[in-house]
Amino acid sequence: RPGLALCAGCGGRIQDPFLLRVSPDLEWHVACLKCAECGQPLDETCTCFLRDGKAYCKRDYSRLFGIKCAQCRAAFSSSDLVMRARDHVYHLECFRCAACGRQLLPGDQFCLRERDLLCRADHGPPHDGTTARGPRSP
């Protein structure tokens, strides 16, 4: 298809002997496929992620669009174990009581107030049904 395809990066016709096809409908000049954030060339040796027609390296895609820890705001790696409380996700080491700093473990009772986790000792007995049992997470 060289000569017929339009580059998703620059919009020009691809007449090169080689092109990079990132998805079934997006093709690029080899020199045009770069991370939209940092400019790193993306080729067959580098994982490429697409969002809204733009290509990103793995690091920038995770930083910009990945789920982040509700406590430290850092992104998660694929090997991280996590804890969840409602819509919030935490690194295991970040899943701590905001008052006393004690790490909350699976099965511990806690309360979530705004973004603060409180252990049962610092929250007291449940009054309004907002205390939950800590979920088990793989």
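Remark: Ala31 engages no residue in a side-chain contact (heavy atoms from CB on, under 4.5 Å) (not counting sequence neighbours). With sequence neighbours excluded, the residues satisfying ring pair (Phe, Tyr, Trp, His ring centres under 6.0 Å) with Phe65 are Tyr56, Tyr61. Evaluation of the ring pair (Phe, Tyr, Trp, His ring centres under 6.0 Å) rule for His29 yields no partner, not counting sequence neighbours. With sequence neighbours excluded, the residues that form a side-chain contact (heavy atoms from CB on, under 4.5 Å) with Ser77 are Ser79, Asp80. Legend: residues meeting side chain to side chain donor-acceptor pair (under 3.5 Å) with Asp25, ordered by chain and number and at least two apart, are Ser23. Under the salt bridge (charged side-chain N to carboxylate O under 4.0 Å, His left out) criterion, Glu37 pairs with Arg63, not counting sequence neighbours.
In this structure, the separation between CG on Asp116 and CG on Asp122 is 11.0 Å, given to the nearest 0.5 Å. To the nearest 0.5 Å, the span separating SG on Cys94 from CD on Gln103 amounts to 9.0 Å. For the atom pair NZ (Lys68) and CZ (Arg73), the distance works out to 7.0 Å, reported to the nearest 0.5 Å. Annotation: the span from Gln40 atom CD to Cys35 atom SG amounts to 7.0 Å, rounded to 0.5 Å.
Looking at Met83 and Leu92, their side chains come closer than 4.5 Å, going by heavy atoms from C-beta outward. Using a 4.5 Å cut-off on side-chain heavy atoms (C-beta onward), Cys38 and Arg59 make contact. Between Leu104 and Cys119 there is a side-chain heavy-atom pair separated by less than 4.5 Å. Taking the side chain as every heavy atom from C-beta outward, Arg102 and Asp108 approach each other to under 4.5 Å.
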Tell me, with the steps shown, if Arg96 and Leu117 meet side-chain contact (heavy atoms from CB on, under 4.5 Å). CA-CA 7 Å; Arg96 298 180 173 276; Leu117 293 167; over 6 Å; no
Quick one, Leu112 with His88, criterion side-chain contact (heavy atoms from CB on, under 4.5 Å). Give me CA distance, side-chain angles, the key distance, then yes/no. CA-CA 10 Å; Leu112 181 63; His88 305 287; 3.4 Å; yes
Evaluate side-chain contact (heavy atoms from CB on, under 4.5 Å) for Leu42 paired with Cys57, printing each intermediate quantity in order. CA-CA 7 Å; Leu42 303 171; Cys57 66; 3.9 Å; yes
Pair Leu50-Val22, side-chain contact (heavy atoms from CB on, under 4.5 Å): steps then yes or no: CA-CA 8 Å; Leu50 289 179; Val22 177; 3.4 Å; yes
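Under the 3.5 Å distance criterion, the side-chain polar atoms of Gln71 are left unmatched by any main-chain donor or acceptor of Phe95.
No more than 12 heavy-atom neighbours from other residues, nucleotides or ligands sit within 6.0 angstrom of CD1 on Ile67. At most 12 non-hydrogen atoms from other residues, nucleotides or ligands lie less than 6.0 angstrom from NZ of Lys58.
Considering all non-hydrogen atoms of both residues, Ala85 and Phe110 come closest at CB-CE1, 3.7 Å. Contact detail for Ile14 and Phe18: the closest heavy-atom pair is CG2-O, 4.3 Å.
Checked against a 6.0 Å centroid threshold, the rings of His91 and Phe76 count as neighbours.
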